[in-house]
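Some notes on the structure that comes next.
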Amino acid sequence: MRKKISAVDSYALLYVIKACTKKSLAIEGKQAHTLVIKLGYEPNIFLQTSLMDMYAGTANVADVHQVFDEIPNKNVVCWTSLISAYVQNQKPNRAIEIFRQMQMVDVEPDQVTLTVALSACADLGALDKGEWIHDSISRKPEFSEDLCLMNALLNMYVKCGDIRKAKLLFDNVKIKDIRTWTCMIVGHALHGQAEEALRLFSALEAENKSRSSKSQGTKDQLLVPNDVMFIGVLMACSHAGMVEEGKRYFRSMIEEYGLKPRLSHFGCMVDLLCRCGLLNEAYSFILAMPIQPNAVIWRTLLGSSAVHGKVELAAVARSKLGELEVSLVGDDVALSNIYSANGMWEEKIMLRHEMRQRRTPGCSSVEVGKLHS
DNA sequence: ATAGGGTTAG
């Protein structure tokens, strides 16, 4: 089409930009942006917001903000895209700031804006701001009909630790989807309420069984567990020390539900085995994985080796982290602490010396008014 | 025909 440039209209460009977003194609996305300018489509607000979304998806927040700044009449969709870009790129503080700015220039947030803002609150653990948004939802009854928004609200309460509010909300949402259930299961799992989490999962399975034996109409309403839900289920087993159940759910996920475990599922299993002190089994499990283990998995084994005083295994895990070139200074601290616990002072001194040469800083975070890292 | 949204291991 570019050879016959007169045929390129704003719709063609829009779909090309969407394709770039979907496939995270940064260079092609930029080329599409160039064409938007060359062909004089800059006043098209649909194209501008799509471009913002494309830059957000390719981790280019600076360009998102620049596109936003150059839009003359910013509507609620433009503002929401900007907030979303900061959420997607792990800048929830900035997202909340923009959310405030938007209200100061009298642009009224809609359901989508509030959904995104709640996501930022969840990431920050900002319960007070989340509750403020909940209040503004309550003032618009039609907003409570929006399931995306309700799921975001539920997730906010879960991540901010208000499990009671989360449960109340869950019970009050009449029409739930698989994400609603997943949120609540993860919520219980995160709060150490493994039994509640697994009870919910069983309730969902029972509900599905009863519906699939009934008429065709109810079959359309089946809420089939997906891979994300199994992460919640496995987390619950892990936090409750339920090894055998965890292994059973892992098998059931593959065999009964036909789901392919992803890296995070293997991570859950390693965590489960490690927490129960089955470190050798965890190590064999990692070696037998069909996909390459990442740093989180080796770090789980390392941390657990430290707890259980398994020096050799800790050293293996640390060297794997080194190979992946993503090790944090905390990984070395963990290993160095095992050495001292076992009186291996020479090893400890050598490791500490290596650490001084690398000079990678550690980090922590604390909330003082807002979250600082 | 056109734009922005919710669940995911430590």
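Everything numeric here is computed off the predicted structure, so don't read it as measured data.
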So what does [X] touch, heavy atoms closer than 4.0 Å: a base, only the sugar-phosphate, or nothing?
X	value
A:Ile185	nothing
A:Leu272	nothing
A:Leu147	base
A:Asp146	base
A:Val76	base
A:Val116	sugar-phosphate
A:Gln48	nothing
A:Ser238	nothing

Among the candidates [options], find the nucleotide nearest to the side-chain atoms of [X].
X	options	answer
A:Tyr11	B:dG4, B:dT2, B:dT7	B:dT2
A:Ile231	B:dA9, B:dT2, B:dG5	B:dA9
A:Cys148	B:dG10, B:dA9, B:dG5	B:dG5
A:Arg179	B:dT7, B:dA3, B:dT8	B:dT7
A:Lys18	B:dA9, B:dA3, B:dT2	B:dA3
A:Leu263	B:dA9, B:dA3, B:dT7	B:dA9
A:Met235	B:dA3, B:dA9, B:dT2	B:dA9
A:Asn155	B:dG5, B:dT7, B:dG10	B:dT7
A:Asp110	B:dA3, B:dA1, B:dG4	B:dG4
A:Cys268	B:dG5, B:dA1, B:dA9	B:dA9

Rounded to whole Å, please give me the gap between [atom1] in [X] and [atom2] in [N].
X	N	atom1	atom2	answer
A:Phe68	B:dG4	CZ	C1'	12 Å
A:Met102	B:dG5	CE	C1'	13 Å
A:Tyr41	B:dA3	OH	P	16 Å
A:Ile291	B:dA9	CD1	C1'	12 Å
A:Met52	B:dA3	CE	P	15 Å
A:Met156	B:dT7	CE	P	13 Å
A:His265	B:dT7	NE2	C1'	12 Å
A:Glu108	B:dG4	CD	P	21 Å

Is there, by distance only and without an angle test, a donor paired with an acceptor across the side chain of [X] and the base of [N] below 3.5 Å?
X	N	answer
A:Asn44	B:dA3	no
A:Thr80	B:dG4	yes
A:Ser50	B:dA3	no
A:Ser81	B:dG4	no

On the nucleotide [N], are OP1 or OP2 found under 4.0 Å from the side-chain N or O atoms that [X] carries?
X	N	answer
A:Lys159	B:dT8	yes
A:Arg299	B:dA9	no
A:His239	B:dG10	yes

### Results of side chain to side chain donor-acceptor pair (under 3.5 Å) for A:Asp177 - residues two or more places apart only
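A:Asp177: side chain to side chain donor-acceptor pair (under 3.5 Å) contacts with A:Asn151, A:Thr180.
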### Query
Donor-acceptor pair, A:Thr34 side chain versus A:Lys30 backbone, under 3.5 Å?
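Side chain of A:Thr34 to backbone of A:Lys30, a donor-acceptor pair under 3.5 Å: yes, one is there.
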### Query
Taking the side chain from A:Asn75 and the backbone from A:Cys78, do they hold a donor-acceptor pair closer than 3.5 Å?
yes
### Query
Between CH2 of A:Trp79 and CD of A:Gln101, what distance do you get to the nearest 0.5 Å?
5.5 Å
### Query
Roughly how far, to the nearest 0.5 Å, is the CD1 atom of A:Ile286 from the SG atom of A:Cys274?
6.5 Å
### Message
Is the ring pair A:Phe285/A:Phe266 parallel, tilted or perpendicular, if the boundaries are 30 and 60 degrees?
### Response
tilted
### Message
Among residues at least two apart in sequence or on other chains, which ones pass salt bridge (charged side-chain N to carboxylate O under 4.0 Å, His left out) with A:Asp106?
### Response
none
### Query
Among A:Leu35, A:Ile17, A:Leu39, whose side-chain contact (heavy atoms from CB on, under 4.5 Å) with A:Leu47 holds?
A:Ile17
### Query
May A:Phe266 be described as stacking on the base of B:dA9, applying a 5.5 Å centroid limit and a 30° limit on plane angle?
no
